[in-house]
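Note that the numbering runs from 1 along the sequence shown for the chain. Everything numeric in this text was worked out from a predicted model, so none of it was measured. Indexing begins at 1, ligand by ligand and atom by atom, following the structure's order.
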Amino acid sequence: MEYRKLIAEAVAAKESAYVPYSHFRVGAAILTRSGEIYSGCNIENASFSATNCAERTAVFKAVSEGRREFEALAVNGDNGDYLPPCGVCRQVLAEFCDLDTFLVILANSEEDYRVMTLGELLPGAFSRESLRAGGTSGDEK
Ligand code: THU
């Protein structure tokens with residue numbers, strides 16, 4: 001798929017950002033393997049640590065609708081440059097997305113973007129494999 005539509009959805013999602021504290025809007029959109037797009041914005045909270053990033057909003061919306069297989073995510077922020085997803089969002093993506101093939105599109109616009117694999121963004125990821133040595137298969141649920 002071409003990235004333009006995914007980027008456009010990420011940019012549009014920024015409009016719903018709830019950012020009374022940082023005034024820094026972020027939008028994201030994730031593409032499922034079956035071609036659906038789920039978008040999300042950042043949602044802040046007076047208790048700052050309760051803030052949810054745009055990327056996680058998009059992933060959680062998709063997973064809560066029964067989607068677990070993804071191809072790519074586009075992200076766009078108010079920073080005026082390629083916005084790198086935070087570490088927590090990278091970890092959440094790694095739960096569902098293949099490190100070698102899942103693409104993260106850091107987009108300034110539909111014409112100006114940078115594409116990275118999730119593995120490039122999160123080398124040495126902690127995963128369900130990492131849990132095995134501790135005596136749990138990680139496959140219970
Ligand atoms: N933020 C995101 O939505 N995604 C990121 O990957 C980085 C940070 C949000 C969280 C908070 O609302 C604001 O940007 C400033 O950190």
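Evaluation of the ring-ring contact (aromatic ring centres under 6.0 Å, His included) test over residues 17-40, restricted to residues two or more places apart or in two chains, returns Y21-F48.
Closest to atom 6 (O) of ligand 1 by heavy atom, among E55, E44, R25, R90, is E55. Counting heavy atoms only, F24 comes closest to atom 14 (O) of ligand 1 of the residues F24, Y21, F48.
Numbered from 1 in the order shown, with element, the atoms of ligand 1 that lie under 4.0 Å from a heavy atom of P85 read 6 (O).
When only modelled atom types and interatomic distance are considered, T57 and N52 share a side-chain donor-acceptor pair under 3.5 Å.
Considering both main-chain and side-chain atoms, A54 comes within under 3.5 Å of ligand 1 through a nitrogen or oxygen pair. Checked by distance only, ligand 1 and T51 stay at 3.5 Å or farther apart across all their nitrogen or oxygen atoms.
The protein heavy-atom contact nearest to atom 8 (C) of ligand 1 is C53 SG, 3.9 Å. Atom 9 (C) of ligand 1 has its closest protein heavy atom at N42 ND2, 3.4 Å.
Using a 4.5 Å cut-off on side-chain heavy atoms (C-beta onward), R33 and R67 make no contact. Inter-residue side-chain proximity for R128 and E95 is flagged as met; some heavy-atom pair is nearer than 4.5 Å. E111 is listed as a side-chain neighbour of R4, based on a closest heavy-atom distance under 4.5 Å.
Counting only heavy atoms, the protein never gets under 4.0 Å from atom 16 (O) of ligand 1.
Remark: Y113 engages Y3 in a ring-ring contact (aromatic ring centres under 6.0 Å, His included) (not counting sequence neighbours).
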